[in-house]
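See below for the structure under consideration.
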Amino acid sequence: MRVLFVTSECYPLVKTGGLADVSAALPQALRALGVDVRVLLPGYPAVLCGLEGKRMVRSLTGIPGVGRGALVAGVLPGGVPAYAIESPALYGRAGNPYLTASGADWADNHVRFAALGWVAAEIARTGADDTQWQPDLIHGNDWQSGLMPAYVAFMGSRRPATVMTIHNIAYQGQFSPALLSTVHLPPHSYHMHGVEYYGGIGFLKAGLYYADRLTTVSPTYAREIQSAEHGCGFEGLLSTRTDDLTGILNGVDYGIWNPALDGHLVANYDHTSVEIKAHNKAALQVEFGLDVNPAAPLFAMVSRLNWHKGADLLAEALPALFARGGQVVLLGTGDAGLEGALSALGAAHPRSAGVHIGYDEAQAHRIQAGADVLLVPSRAEPCGLTQLYAMRYGTLPLVRRTGGLEDTVIDATPAALADGCATGFAFDEATPTALGWAIRRAMDLYRAPDRWRAMQQRAMTRDFGWAGSAREYLQLYQGLAR
Ligand code: ADP
Ligand code: GLC
């Protein structure tokens, strides 16, 4: 089966969050199952530089916004064949794929990502290269690929099947209706039963309306987004498509996130040598200028800093954590107000708090290895990957019970501790008080080293690899391909 996997980011070439990790690992796992999956990416500078054996395979005409461009082919660092759209006018700029240096959306994002969906459909229509490679199925991800199923729907009967995966329903790609012809959509598509969404062109709306099947990245989030609380306006549409919507949990690439092999750590370890983790903790305390105290429970967060991620809850809960002798290390970027509040807390508690406002892949690994507890207090979390990485590193996740966090972390209740199945801590209410109580529970348990060690070993040996989830995608593909 031939599958074109369309995505706007892919680790290690371009990454702003978990979509990049998924876009690197899932196609590899599918190829291991025998699927001829190839990735289609915008030709950002980092993609054009990073594709191995890059060669031009065909010219493109009629690309929304710019007309001419080229399709190049090569191999991603993980070994998966990929295509990239070469168009300096659309993608020839460094930095964040979606935002300018000052944090505003690129003004031409509508054509940059319409082009992504349009080229995917064009590959299905006329073939990618001299071998005439045409997909049986196109798998799009998030709003940036959202117009792909619409373009494919207008191809007529000889068309591939389409799947859309929602990684985060809060990001919707909403643009002015005046752009309809610019993005090559027919006038009749501007309809409630089409691409129209709250008086604009909705890229994610288009994807959710036209795709043959919908998936999201955890079973709980699949249920949540059919409700007003989490649907962000799509609950109505999704409730009408409930039989077409599946939640498939993300996995972990243990080739990259594995404390036994991780080259970023000062000392490698696995579940049989958890005591070695202490070296990474001491190194992390030094790196962030904290007291080098093995007995102080070290909490951490590696995250985009925004309201959805609950970074404000954390800021409010931290003073109590410090008062009890805990430490915290934070790595993230995001809303300026939250960056400022967290930096101020760091400055006020220099021996207990280390705050790095920035993006640093290697440091994210060192934090996973050095911390005792990883905080994920999200108000909404479609899947979440950092809690999965944390478990493999023997860093117990402390999460709010929502989305994929609920599906992957087993709270250390008395019953779960007695059964020996607990792998972390969970709380319900999105309030600083509820988060504070969970932090307190973690601190109490931290003072019982035998129980803590048993939980670490359990978390480290849980398997969240991609093999099972990739098989679920394959089944879904097989059910669709015609
Ligand atoms: P989301 O995709 O919503 O941001 P995930 O938990 O799925 O959340 O994925 C986040 C990914 O981004 C993880 O690989 C995490 O390590 C990484 N990450 C987030 N913030 C940073 C940062 N400031 N520096 C380095 N890596 C980060
Ligand atoms: C999104 C979600 C996150 C998920 C990631 C990969 O960014 O916010 O929960 O893990 O996509 O699917």
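Order of appearance sets the numbers: ligands from 1, and atoms from 1 within every ligand.
- Heavy atoms of D360 found under 4.0 angstrom from ligand 1 belong exclusively to the backbone.
- The N/O atoms of E361, backbone and side chain alike, include none that comes under 3.5 Å of an N/O atom in ligand 1.
- Salt bridge absent: D335 and R304 never bring a charged side-chain N and a carboxylate O closer than 4.0 Å.
- Each of the following atoms of ligand 1 lies closer than 4.0 Å to a heavy atom of T386: 6 (O), 13 (C), 15 (C), 16 (O).
- Between L214 and V163 the shortest side-chain heavy-atom distance does not fall below 4.5 Å.
- For the pair Y393/W257, a side-chain contact is recorded, criterion being any heavy-atom separation below 4.5 Å from C-beta on.
- For ligand 2, the protein residues within 4.0 angstrom (heavy atoms only) are G18, L19, V22, H167, N168, V217, N250, R304, E381, P382, C383, G384, L385.
- Here the side chains of Q327 and F322 are not in contact, with every heavy-atom distance at 4.5 Å or above.
- Under 4.0 Å from ligand 1, not a single heavy atom of H167 appears.
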- Item | Residue pair T423, M455: steps toward the side chain to side chain contact (heavy atoms under 4.5 Å, CB included) verdict | CA-CA 6 Å; T423 54; M455 263 176 84; 5.9 Å; no
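- For ligand 1, the polar-atom distance check finds an N/O of D21 within less than 3.5 Å of one of the ligand's N/O atoms.
- Taking distance alone, with nitrogen or oxygen atoms compared against 3.5 Å, G384 stays at or beyond that limit from ligand 1.
- Checked by atom type and distance alone, the side chain of E339 pairs as donor or acceptor with a backbone atom of G334 at under 3.5 Å.
- Proximity to G358 (heavy-atom distance under 4.0 Å) selects the following atoms of ligand 1: 22 (C), 23 (N).
- Contact annotation: Y11 has no heavy atom less than 4.0 Å from any atom of ligand 1.
- Of all the atoms in ligand 1, the ones that sit under 4.0 Å from a non-hydrogen atom of G332 are 23 (N).
- Considering both main-chain and side-chain atoms, W257 never comes within under 3.5 Å of ligand 1 through any nitrogen or oxygen pair.
- Counting heavy atoms from C-beta on, the side chains of I166 and T215 never come closer than 4.5 Å.
- Side-chain contact between Q174 and I201 is absent, with no heavy atoms from C-beta onward closer than 4.5 Å.
- Within the 4.0 Å heavy-atom cutoff, Q387 does not count among the residues contacting ligand 1.
- Looking at K309 next to ligand 1, an N or O pair under 3.5 Å apart turns up.
- For R392 and Y254, the positive end sits near the middle of the six-membered ring, less than 6.0 Å away and at most 45° from its axis.
- Between the side chain of R2 and the backbone N or O of D136, no donor-acceptor pair lies under 3.5 Å.
- Proximity to L385 (heavy-atom distance under 4.0 Å) selects the following atoms of ligand 1: 5 (P), 6 (O), 7 (O).
- No side-chain donor-acceptor contact under 3.5 Å links D105 to the backbone of A107.
- In this structure, the side chain of T162 does not engage the main chain of P149 through any donor-acceptor pair within 3.5 Å.
- Between the side chain of R213 and the backbone N or O of D244 there is at least one donor-acceptor pair closer than 3.5 Å.
- Close N/O approach between G18 and ligand 1 is found [any backbone or side-chain N/O within under 3.5 Å].
- No N or O atom of V302 sits closer than 3.5 Å to an N or O atom of ligand 1.
- Within the 4.5 Å cutoff, the side chain of Q368 has heavy atoms near those of the T386 side chain.
- Here S303 has backbone heavy atoms under 4.0 Å from ligand 1, and that is the only part of it that gets that close.
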